Colleague: 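Below: one structure in structure tokens.
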Amino acid sequence: MAFNLRGCASDPVKFRAALHVPTSSGLQPFGAILADHQRKDFAAIDPAIIALAKGETHDPRRFWIERTKGGSKDTDVSIAALWLLAFSPRPLRMQAAARDAEQADEVRLIVRQILAADAPLNRALAKQIEVQRTSIVNRTTGSEWAILTADKHGSHGARPDLLLCNELSHVGDEEFPATLLDNADKCPHAVVIIATNAGYLDTWQWRWRQLAQESARWYFSVLDCPSPWVSEADLTESERRNTQSRFRRLWWGVWAAGNGDALDADDITAAINLDLGPLEGAVPGFAFVAGLDLGIKHDHAALVIVGRHGRTSRLRVAKIESWRPGRQGVDLEQVETACREAHRRFRLARLYYDPYQAALMAQRLQRHGVPVTEVPFVGKNLDLMASTLMDVFRSRRIDLYPDERLTADLRRLTIAEKSYGYKLEATRTAAGHADVATALAIALPHAVNLPAHSGVGWGGVVGESSATVRELWANTLWTNDGLRFPSF
């Protein structure tokens with residue numbers, strides 16, 4: 001298949017027409033499969049990047065591209081950058097801002113797939129362009145497309161010719177993209193493209209959106225309906241799987257109230273039993289596990305104990321403990337003591353923990369007889385934690401006692417879809433990084449699977465009557481070691 005390389009170099013439209021991309025139907029010319037919303041946005045961006053390649057300026061040079069899920073924003077902004085990288089006659093310094101290493105890998109994967117495609121233009125590009133660990137470079141012209149991540153504290157001070165900020169609604173720290181945009185403002189020809197899904201009202205992302213919408217310096221584009229290639233079957237399944245606020249945010253571009261949509265507010269409220277309080281020890285008929293989320297310097301630490309009733313299979317949050325970091329971080333001795341005490345009081349079937357920070361503590365707990373198992377935060381486990389949490393609350397089979405920390409954390413949780421499934425996320429606040437909810441999520445998959453016969457059959461804080469915890473505690477006595485038992 002013949003193509004005109006000179007024409008592709010001077011015209012992004014011809015470039016997209018000749019460029020082949022992998023699809024579910026095989027390799028296809030990218031320009032031939034564009035939807036109307038893509039054509040409209042490319043028509044706005046093309047004059048700015050052509051001028052940038054020539055060292056000139058064309059306004060607008062700021063672009064807000066907001067699309068629903070599956071709207072091809074990642075691929076589109078990558079292809080716009082790829083044209084510049086390949087054909088700018090002068091070396092350019094380009095940047096792509098990614099929220100973490102995983103998103104950075106997604107950018108590199110898109111470019112790798114394009115360069116690996118067996119089509120004339122793609123093969124010609126592959127001879128010049130190389131995908132490296134933290135950048136994509138043109139070996140001939142010296143143009144470089146650096147991929148910067150918010151979770152790596154590197155040098156973000158360079159002034160870019162082109163800045164791509166993708167998935168802005170999922171970036172937790174405003175300072176990272178704000179610094180990059182400030183740097184772009186210092187470059188007279190710089191082009192900035194922000195691509196994002198709908199996010200959450202009353203956030204810094206919403207404030208940025210309003211600025212872009214109201215400013216004559218910005219091209220503002222919103223796709224607020226499903227892309228034409230999204231099937232009705234996919235939409236129906238997604239609506240059944242997700243909360244309503246999440247479904248409307250992802251597929252209809254509706255910015256959600258609050259800053260979390262992993263759980264419906266009604267499901268959280270339904271789980272809270274005002275007649276319950278924290279338990280101080282084992283309860284007949286229940287078996288208990290614990291989840292430990294351990295922060296060191298910046299995050300809080302949390303221990304959540306969850307019980308499962310052997311006969312009814314209902315789950316119950318038995319006790320919550322959390323620790324705020326001081327000047328020297330979290331007091332790990334306090335956390336370790338609390339874990340040992342929890343096992344003594346609740347006879348834990350097992351304590352589950354993220355080994356990232358707690359490996360040494362886990363060894364000491366084992367030596368003191370506490371059964372521990374690590375839960376590495378890898379794809380399979382993250383998906384299981386998120387899926388179980390959503391299922392347990394949506395099926396309304398968990399009981400919580402009133403606790404402001406847990407309730408606030410649950411309401412802040414969001415769900416991110418990854419290549420391996422789901423992942424729980426939450427922005428960091430002064431109250432932590434949803435550490436209590438994370439500890440609960442660590443414990444829940446294992447609480448759900450506790451065998452029915454594993455509940456203790458003696459002692460404990462309360463008996464097997466239907467009386468509330470508050471009523472039973474009124475008739476209890478303290479022992480010297482702090483345990484409570486019914487007073488007969």
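Computed from heavy atoms alone, side chains included, the values below leave out hydrogens, waters and symmetry copies. For clarity, every value in this text was computed on a predicted model and none was experimentally measured.
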Colleague: Between atom CG of L115 and atom CG of L125, what is the distance when rounded to the nearest 0.5 Å?
Modeller: 6.5 Å

Colleague: Please find the pair of heavy atoms, one from K40 and one from S221, that lie closest to each other, and give the distance.
Modeller: NZ-OG, 2.9 Å

Colleague: Roughly how far apart are L263 CG and D409 CG, rounded to 0.5 Å?
Modeller: 11.5 Å

Colleague: Taking only residues two or more places apart in sequence or in another chain, which ones pass ring-ring contact (aromatic ring centres under 6.0 Å, His included) with H37?
Modeller: W229

Colleague: Do you know which two heavy atoms are closest between V289 and A443, and how far apart they sit?
Modeller: CG2-O, 3.8 Å

Colleague: Which heavy-atom pair separates P402 from L276 by the least distance, and what is that distance?
Modeller: CD-O, 3.4 Å

Colleague: Keeping to residues at least two apart or across chains, list the salt bridge (charged side-chain N to carboxylate O under 4.0 Å, His left out) pairs with something in residues 208-230.
Modeller: E66-R209

Colleague: With a 4.5 Å limit on heavy-atom distance, are the side chains of V191 and F63 in contact?
Modeller: yes

Colleague: For W218, what residues pass the ring-ring contact (aromatic ring centres under 6.0 Å, His included) criterion, not counting sequence neighbours?
Modeller: none

Colleague: Tell me if the CZ atom of R93 is crowded by more than 12 foreign heavy atoms within 6.0 Å.
Modeller: no

Colleague: List the atom of Y219, the atom of A44, and the distance in Å for their closest heavy-atom pair.
Modeller: CE1-CB, 3.4 Å

Colleague: Give the intermediate values and the outcome of side-chain contact (heavy atoms from CB on, under 4.5 Å) for residues W64 and T196.
Modeller: CA-CA 8 Å; W64 182 280; T196 186; 3.7 Å; yes

Colleague: Which class fits the ring pair W208 and W204: parallel under 30°, tilted 30 to 60°, perpendicular over 60°?
Modeller: perpendicular

Colleague: For a 4.5 angstrom cut-off between non-hydrogen side-chain atoms, does T75 reach F30?
Modeller: yes

Colleague: Any non-hydrogen side-chain atom of Y401 less than 4.5 Å from a side-chain atom of V317?
Modeller: yes

Colleague: Pick one: which of R249, R412, R246 meets side-chain hydrogen bond (donor to acceptor under 3.5 Å, both in side chains) with D261?
Modeller: R249

Colleague: Examine distances only and state if a side-chain atom of N122 and a backbone atom of I114 form a donor-acceptor pair shorter than 3.5 Å.
Modeller: yes

Colleague: Whether the side chain of R316 engages the backbone of D399 through a donor-acceptor N/O pair (distance < 3.5 Å, no angle test) should be reported.
Modeller: no

Colleague: Hey, does the side chain of N381 reach the backbone of P376 with a donor-acceptor pair shorter than 3.5 angstrom?
Modeller: yes

Colleague: Does atom CZ of R405 have more than 12 heavy-atom neighbours, drawn from other residues, nucleotides or ligands, at distances under 6.0 Å?
Modeller: yes

Colleague: Output all residues satisfying side-chain contact (heavy atoms from CB on, under 4.5 Å) with A43, sequence neighbours left out; order by chain, then residue number.
Modeller: none

Colleague: Looking only at atom types and distance, does a side-chain atom of R308 sit under 3.5 Å from a main-chain N or O of L315, one as donor and one as acceptor?
Modeller: no

Colleague: Can K73 and D76 be counted as an ion pair, charged N to O under 4.0 angstrom?
Modeller: no

Colleague: Set out, in order, the CA-CA distance, both residues' side-chain angles and the distance that settles side-chain contact (heavy atoms from CB on, under 4.5 Å) for L303 and V335, then state yes or no.
Modeller: CA-CA 8 Å; L303 176 71; V335 178; over 6 Å; no

Colleague: List the residues meeting ring-ring contact (aromatic ring centres under 6.0 Å, His included) with H446, not counting sequence neighbours, and say none if there are none.
Modeller: Y352

Colleague: Give a yes-or-no answer on whether the side chains of S395 and D391 include a donor-acceptor pair shorter than 3.5 Å.
Modeller: no

Colleague: Quick one: does S135's side chain have a donor or acceptor within less than 3.5 Å of a partner on V137's backbone?
Modeller: no

Colleague: Is it true that, when you exclude Q132 itself, more than 12 heavy atoms of the residues, nucleotides or ligands shown sit nearer than 6.0 Å to its CD?
Modeller: yes

Colleague: Please indicate whether Q210 has more than 12 foreign heavy atoms, meaning atoms of other residues, nucleotides or ligands, lying under 6.0 Å from its CD.
Modeller: yes

Colleague: Nearest 0.5 angstrom please: I79 CD1 to I45 CD1, how far?
Modeller: 11.5 Å

Colleague: Quick one: does W145's side chain get under 4.5 Å of Q95's, heavy atoms only?
Modeller: no

Colleague: Checking side-chain contact (heavy atoms from CB on, under 4.5 Å) for the pair L274/I272: CA distance, chi angles, key distance, verdict?
Modeller: CA-CA 6 Å; L274 298 178; I272 301 171; 4.3 Å; yes

Colleague: Go through R62 and D185 one step at a time and tell me if the salt bridge (Lys or Arg N to Asp or Glu O under 4.0 Å) criterion holds.
Modeller: CA-CA 10 Å; R62 303 289 185 266; D185 286 340; 3.0 Å; yes

Colleague: For D41 and R67, what are the C-alpha separation, side-chain angles and deciding distance, and is it a side-chain contact (heavy atoms from CB on, under 4.5 Å)?
Modeller: CA-CA 11 Å; D41 291 344; R67 295 182 185 172; 3.0 Å; yes

Colleague: Any side-chain heavy atom of L279 sitting closer than 4.5 Å to one from I305?
Modeller: no

Colleague: Are side-chain heavy atoms of E174 and R207 found at a separation under 4.5 Å?
Modeller: yes

Colleague: Short question: side chain of D161, backbone of L92 - any donor-acceptor pair under 3.5 Å?
Modeller: no

Colleague: Quick one: does S88's side chain have a donor or acceptor within less than 3.5 Å of a partner on L84's backbone?
Modeller: no

Colleague: Please report the interatomic distance CD1(I110) to CG(D105), rounded to the nearest 0.5 Å.
Modeller: 11.5 Å

Colleague: Mind telling me whether F346 and F288 have parallel, tilted or perpendicular rings, with 30° and 60° as the class edges?
Modeller: perpendicular

Colleague: Please report the shortest heavy-atom distance between V392 and V448, naming the atom on each side.
Modeller: CG2-CG2, 4.0 Å

Colleague: Is a salt bridge present between D46 and R16, judged by a nitrogen-to-oxygen distance below 4.0 Å?
Modeller: yes

Colleague: Tell me if a side-chain donor or acceptor on Q205 pairs with a main-chain N or O of V171 at a distance below 3.5 Å.
Modeller: yes

Colleague: Using a strict 4.0 Å threshold on nitrogen-to-oxygen distance, state whether D234 and R241 make a salt bridge.
Modeller: no

Colleague: Under 6.0 Å from the CD atom of E237, do we count more than 12 heavy atoms belonging to anything else shown?
Modeller: no

Colleague: For the pair D264 (side chain) and D266 (backbone), establish whether a donor and an acceptor sit closer than 3.5 Å, ignoring hydrogens and angles.
Modeller: no

Colleague: Are W323 and L294 side-chain neighbours, meaning at least one heavy-atom pair lies under 4.5 Å?
Modeller: no

Colleague: Give, for atom CG of N166 and atom CD1 of I193, the distance between the pair rounded to the nearest 0.5 Å.
Modeller: 10.0 Å

Colleague: Taking T414 for its side chain and E425 for its backbone only, find out whether a donor-acceptor pair lies under 3.5 Å.
Modeller: yes

Colleague: For F377 and L382, work out which heavy atoms get closest and say how close.
Modeller: O-CD1, 3.6 Å

Colleague: Do L424 and I415 come within less than 4.5 Å of each other through their side chains, counting heavy atoms only?
Modeller: yes

Colleague: State which residues pass ring-ring contact (aromatic ring centres under 6.0 Å, His included) with F393; sequence neighbours excluded, sorted by chain then number.
Modeller: none

Colleague: State the CD1-CG distance between I49 and L162, to the nearest 0.5 angstrom.
Modeller: 8.0 Å

